[in-house]
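Down below is the structure, laid out as structure tokens.
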Amino acid sequence: MKKFTVADFGLKTEGMPQEQAKFLNNMTEKMCDVVNKAMEGVISPEDLEKKLKSLNDKLNGYDDEKFKQLSKDNEELIKTVKGLGETIEKLKSKGIGMEVINKFDEKLNEMLDSDKFKDFAENHTRKTGTFEGFSLKDIVSMTDNYSGDLLITQQQNRVVSKIANKRVHMRDVLTTLQGDPKYPSLSYAEVYDFDRNARYVTENGMLPESSIKIREHQATTKRLGTYLRISKRMLQSRVYIRSFILKMLPEAVYMAEDWNILFGDGNGENLLGIVNQKGVDSIEKIINESIVTGQAGSVKSVSGYNSNKDTIIEFTNPQDLILDGMNITFAGATEMTDLTTPHPVIKMDDRRILLKDVAYKTENSVSSLTFTVNESAFKSIEEPNSRDVVKTAFAVMTYAQYSPNAIILNPMTVNAMESEKDTTGRDLGIVEMRGGVKYIAGRPIIESNLILPGKYLLGDFNMGSSLVDYTSLTLEWADDVESKVKNEVVLIAQEEVIFPVYMPWAFAYGDLAALKEAITKA
């Protein structure tokens, strides 16, 4: 026996929105299923009559004029949905996994049984359609939170505020990773003591031994979030306010995240921020203060090299913090008085250094020798400008496997740098623009109000630390007894993050004026 199909009903859907055409086709398919099953003997003619009557009751009054109105209203709704869709896609790119937009292809029974559709069919409302992600179970309204008399006026899709969202957040600067829900903490190893003691030996000679010391660090998950009470009436009457709220509430979370990443003290549930990490110093402190000091007995031997034209210093213990190019100054020398003036270091291994062009003489008081090691940048530049200051900071922080890849400055600081001029009034061109990004001393500038005017934060933001999203930022609509009786809904925004700073020494935070003073020749 012939089976009925949608084509047998001769539906005309030209000119209708795609979603509404789909709606009618789905409805007709269900009717076909009922009829075809009846003809196959699956249900009795009586049951068929009841089901058809039920469908007819639901569709009673669904005339052409109503359908045209439904189509018109949903065209406006589709525009709103598309606008919200763009917002949600941006949020999804940040890891926000939530379904907010109605797909318009729900099952037939779900669509016909909805309160929205019943109200429409009974002429109680001229709008239909739902937003399933804002499930409360459907968004409704905004009384107690709303002040004004504009709800009855024509809507304009504009929300104004004197508070602006930040253009850059710290999670945009750092390497952001996705965490594993199985592991609420993250462990990593730190090598904190080196003795790299490689030397040339004879064919059958004994090789010297090297060593390292390792300790484990652990960063735990921290929860961050907030919620917002919203009157239901506003959300229904001012549909575009949802888009504004979807952008505003995540901003509140990221704003709290920013200051914690930078300045968190590690107490309670606070993160331990970059600035408060042990090992994060200012460049001016690194330059002004000694990197390494050695007391009496710290020098094992002094010997000649290259026909005594140069001198080798061997330390009693490995000195892994001494790097090539640093200046070393000795005290307590009786014969080799040249050692009492600063000399640049050529590092042979962690136990020995070479002082080039320092003639060797027999030193009788090796056991009484003491030393200090300083950065060579101290008081090294004549009348430095801002580029010289930043360039020196980059040079000081370039060591080991870490190298600064950016500097964060306040916009007012950048403006001051761009305004610097020479003695004739010409711009110095300290800040360069490349591909829409500002650069100084060959590295990009990140402009952010997170850093105060006159301050700087630089470092290896790719390798020195990372932000791990244990659970990505989520938005959730909820209600309870308290919110229901107040005709409100609650929007919750929260995330869980892990913030390991693998290498505090890869970062520096300080004052540009103090750094300029430290490198300026007297």
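- A donor-acceptor distance shorter than 3.5 angstrom exists from the side chain of S365 to the backbone of G332, with no hydrogens or angles considered.
- Distance alone, capped at 3.5 Å, places no donor-acceptor pair between the T221 side chain and the E496 backbone.
- Two residues are said to be in side-chain contact when any heavy atoms from C-beta on lie closer than 4.5 Å; D338 and K361 fail this criterion.
- Panel note: side chain D258, backbone M170; a donor-acceptor pair is recorded below 3.5 Å.
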Review point. Yes or no on side-chain hydrogen bond (donor to acceptor under 3.5 Å, both in side chains) for S282 and Y456, after CA distance, side-chain angles and deciding distance?
Key: CA-CA 9 Å; S282 65; Y456 64 85; 4.8 Å; no
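- A salt bridge does not link E190 to K278: none of the charged nitrogens lies less than 4.0 Å from a carboxylate oxygen.
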Practice item. Verify side-chain hydrogen bond (donor to acceptor under 3.5 Å, both in side chains) between N197 and D195, making sure each step is shown before the conclusion. Key: CA-CA 6 Å; N197 190 24; D195 183 6; 4.8 Å; no
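- Counting heavy atoms from C-beta on, the side chains of I286 and W505 never come closer than 4.5 Å.
- You'll find the ring centres of Y470 and Y183 outside the 6.0 Å limit.
- Using a 4.5 Å cut-off on side-chain heavy atoms (C-beta onward), Q277 and L272 make contact.
- Of the possible donor and acceptor atoms, one in the side chain of D324 sits under 3.5 Å from a partner among the backbone N and O of K347.
- Within the 3.5 Å criterion, the main-chain N or O of S483 finds no donor-acceptor partner in the side chain of D479.
- Residue E375 holds its CD atom at 9.5 Å from CE of M397, rounded to the nearest 0.5 Å.
- Separating the CD atom in E335 from the CG atom in N364 is a distance of 4.5 Å, to the nearest 0.5 Å.
- Salt-bridge check for R196 with D349: failed, with every basic side-chain N at 4.0 Å or more from each acidic carboxylate O.
- With contacts defined as side-chain heavy-atom distances shorter than 4.5 Å, the pair S386/K516 does not qualify.
- With a 4.5 Å cut-off on side-chain heavy atoms, I313 and F330 count as touching.
- When all heavy atoms of F194 and I212 are compared, the pair lying nearest together is CD2-CG2, 4.0 Å.
- Side-chain atoms of R229 do not come within 3.5 Å of backbone N or O of V489 as any donor-acceptor pair.
- A side chain to side chain contact (heavy atoms under 4.5 Å, CB included) with Y509 holds for exactly one of L458, I451, D281, I408; it is I451.
- A side chain to side chain donor-acceptor pair (under 3.5 Å) with R223 is found for one member of E269, Q494, E495 and no other, namely Q494.
- Contact check on D511 versus K455 returns a salt bridge, with a Lys/Arg side-chain nitrogen under 4.0 Å from an Asp/Glu carboxylate oxygen.
- Annotation: side chain of F499 is in contact with side chain of I274 (closest heavy-atom distance under 4.5 Å).
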